[in-house]
There are 2 protein chains.
Amino acid sequence: MEEHRPVTIYDIAERLNLATSTISRALKDHHSISDKTIKKVKKTAEEMGFVPNTLAAGLRGNKTKTIGVLIPTITQPFLSSLISGIEVTARKSDYSVIIMQSHDSYEDEVNMTKSLYSSRVSGVICSLAMETKDTSHFQQFSNNNIPLVFVDRVPKGYNTFRVVIDNYTAGYKATKHLIDQGCKRIAHLTAGAEFGNLYKERKRGYLDALTDHGLPVKEEWIINLKAMTYDAGVKACQKLFGLKVPPDGLFAPGDILAVSAVQTAKKRGIKVPQDFAVIGFNNDPISEIIEPNISTITHPADKMGKAAANIVIDTIGSRKEEEAKEITFLNTEVLIRESSKRA
Amino acid sequence: MEEHRPVTIYDIAERLNLATSTISRALKDHHSISDKTIKKVKKTAEEMGFVPNTLAAGLRGNKTKTIGVLIPTITQPFLSSLISGIEVTARKSDYSVIIMQSHDSYEDEVNMTKSLYSSRVSGVICSLAMETKDTSHFQQFSNNNIPLVFVDRVPKGYNTFRVVIDNYTAGYKATKHLIDQGCKRIAHLTAGAEFGNLYKERKRGYLDALTDHGLPVKEEWIINLKAMTYDAGVKACQKLFGLKVPPDGLFAPGDILAVSAVQTAKKRGIKVPQDFAVIGFNNDPISEIIEPNISTITHPADKMGKAAANIVIDTIGSRKEEEAKEITFLNTEVLIRESSKRA
DNA sequence: TTCCTTTACGCAATCGGTTGTTTTTAATTT
DNA sequence: AAATTAAAAACAACCGATTGCGTAAAGGAA
């Protein structure tokens, strides 16, 4: 541990009067090396403080045991849990994880794919930037047999692995739950096309649930947000509460919006859930802590990360480029809490 | 983009009838290459879809433009913001970031330092695992001139860079604020020695603030927690409220604890802040959303990440191993919100 | 003893840029 | 035109681990 130049297999070879190839093989328990030699080599390597240079191995073998993760930002509970799931799973198979944040910028995303490719990651897990319409910058991975998995915010019309939830069904279930609680005038917050089809699907589930149960769909109860933020939620809810016929329930496709709705209602003296039932989405930590607790749809970030990482790891090295890549759907559940429970 | 074997500088050299050294230099605007050649090379590289192999460059130069980040977990707001700050700063200088989670396990931390060293990271940023007492596994970085910066949870008696806040002063300021609001019986939650000196320092600030202002220090108002969780906070507060002489204020060294205190108080019909003023720590997102809003001490995660990354980047390559490494203190502020404001 | 297998290990090329040194070419000076 | 110098590009070693192929030694069969 005192050396100022890393110990290499050459150093070990010299010390033991063996060839580097023997050292290399011995360290990996190659069958053509005798047990005696293997033991001796490992012992010496340990003594000398040898640490393999993964760069050299990576260069030679053209594989790096590294997974690149490219996401909009890591400071969202959903995404940090996703990364956590990826990291834990990757590490079990001795993979490292490189993180990059696109901050929802298309340009950054493009540059980062280059950077990831440049560092010869073994696989890539990505949740698309909001700005991204064209996904041709991901072709370099497909073309070079590097597994590519999209999570949550996935592209359309591009044959790659995808790990997602069924947003349509989730939206349907959330709305159905409100209906079951007796809500008749259910509002919904959604987002424009630039957010991809994620929110669109949730909205479709919402609409179908309403019509399936004979409830009215009123345009004024459906508000398009430009950003899924607390403030945007407050503004939207104020608009809702100011309507001549205000809604008595809300399906918010994000917990932070649900929180804003609950708090805005409380400030107006509207009772939650009696006068206004709310269900959110994601099961962010805050939904459990806020009062009243917020009913929500689970969004299994950790599991999704784990699934994505496993797909990458299992796919590395297999040369089935032309095959159709499967889509993995993870289950969501309705978590009924105080904000919607009209017992 | 259609090639199934990456384009190398050899391919470019062959196409242009130049030596690979010329290509390599041209791509980096080396002065000994004519402008005409540089232009030609860059154009051809672009056309052929050349992407440099950072492994090869890293192997040769023994540097990788990669920063290793080793932290307990990324799913804490403070730590994910820290990483975010690191990532953004690193990227500006064209560095990549490798993330590893020790999950507060000493053994994992040791293995991960090996892994980071093995991949020849250019620098390391670390927040220590709770279990870690001995830090000799970090010597491999110091010995090999790899910049090492500890953040927030730093070791004692080890000459490395450190980026921290002044926990003593922060604890003092927080307590002082409660005193200014008229609190006379101020409680405190803290943690055992296994958490390092972070909480100890905050407690020291708390104690000094009390004695400086002639307020009593009562052991029963100081509760040692085994985990800094919501549930642990609830339990501790119930104990506090059950005392013959219950406290009228609380300095919680974490927002999640402050939240638990506020909610436990409310459930008991204790008015916050009138009967019980609370100040937390960290300025986690939740402190702003919960009702009442929670006063807190800012913990500039993003800035700390930025500072740490800058130290790493600035130090890479400079061979001043024997010099004393500076400690960077970042400022904290008291954010006065509803939970402590007795206007 | 000779021939044939195994077993155990060495040789040398390879991965793809980087860089110190040398050679070639072009430009400038006398 | 010859000599001097600067500019441009080539040569070749290098980083450290991996691996196909070759070979020597040891053991067994004929």
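Distances from the side chain of B:Lys28 to the nucleotides D:dA17, C:dT18, C:dG17 place C:dT18 closest. The side chain of B:Arg5 lies closest to C:dG16, out of D:dG16, C:dT18, C:dG16. For A:Thr22, the side-chain atoms get nearest to C:dG10 when compared with the rest of D:dA17, C:dG10, D:dT18. Residue B:Asn53 has its side chain nearest to C:dG17 when only D:dG16, D:dT18, C:dG17 are considered. Each of C:dA8, D:dA9, C:dG16 was ranked by its minimum atom distance to the side chain of B:Leu59; first place goes to C:dG16. With distances taken from any side-chain atom of A:Phe50 to the nucleotides D:dA17, C:dA8, C:dT18, the minimum falls on D:dA17.
Annotation: of the two residues near DNA chain D, B:Asn17 and B:Gly61, the 5′-most nearest-nucleotide partner is B:Asn17. Along DNA chain D, the nucleotide closest to B:Arg120 and the one closest to B:Thr20 are compared, and the more 5′ of them pairs with B:Thr20.
When atom types are taken as modelled, the side chain of A:Ser127 and the backbone of A:Val151 share a donor-acceptor pair closer than 3.5 angstrom. Under a 3.5 Å cut-off, the side chain of A:Thr64 and the backbone N or O of A:Arg120 do form a donor-acceptor pair. Not one N or O on the side chain of B:His103 forms a donor-acceptor pair closer than 3.5 Å with the backbone of B:Ser105. Although no hydrogens or angles enter the test, the distance criterion places a donor-acceptor pair under 3.5 Å between the side chain of A:Asp11 and the main chain of A:Thr8.
For C:dG17, neither phosphate oxygen OP1 nor OP2 lies less than 4.0 angstrom from any side-chain nitrogen or oxygen of B:Ser24. Put simply, A:Thr37 has a side-chain N or O that comes within less than 4.0 Å of OP1 or OP2 on C:dC9. Side-chain N/O atoms of B:Ser21 include none lying less than 4.0 angstrom from OP1 or OP2 on D:dC11.
One atom, NZ of A:Lys63, and another, P of C:dT14, lie 18 Å apart when rounded to the nearest Å. The separation between A:Glu14 atom CD and D:dA17 atom P is 14 Å, rounded to whole Å. A straight line from CE of B:Met48 to P of C:dG17 spans 11 Å, rounded to a whole angstrom. Atom pair A:Asp29:CG and C:dA8:P shows a separation of 14 Å (rounding to whole Å applied). Between B:Ile23 atom CD1 and D:dA8 atom C1' there is a gap of 13 Å when expressed in whole angstrom units. Distance, B:Ile9 CD1 to D:dA9 P: 15 Å, rounded to whole Å. Distance CD1 (A:Ile12) to C1' (C:dG10): 17 Å, rounded to an integer number of Å. In this entry the distance linking CZ of A:Arg60 with C1' of D:dG16 reads 12 Å, nearest Å.
The base of C:dG10 sits within donor-acceptor range of the side chain of A:Arg25, with an N or O pair under 3.5 Å.
Within the nucleic acid shown, B:Ser32 comes within 4.0 Å of at least one base atom, counting heavy atoms only. Among the atoms of the strands shown, only primed sugar atoms or phosphate atoms (P, OP1, OP2) are found under 4.0 Å from some heavy atom of B:Ile33. Residue-level contact check: B:Asp35 touches neither bases nor backbone, having no heavy atom under 4.0 Å from any strand. Counting any heavy atom pair closer than 4.0 Å across all strands shown, B:Leu18 reaches sugar-phosphate atoms only and no base atom.
Other residues, nucleotides and ligands contribute at most 12 non-hydrogen atoms within 6.0 Å of the NZ atom of B:Lys306.
A salt bridge is absent between A:Lys40 and A:Asp35; no separation between the charged side-chain nitrogens and carboxylate oxygens falls under 4.0 Å.
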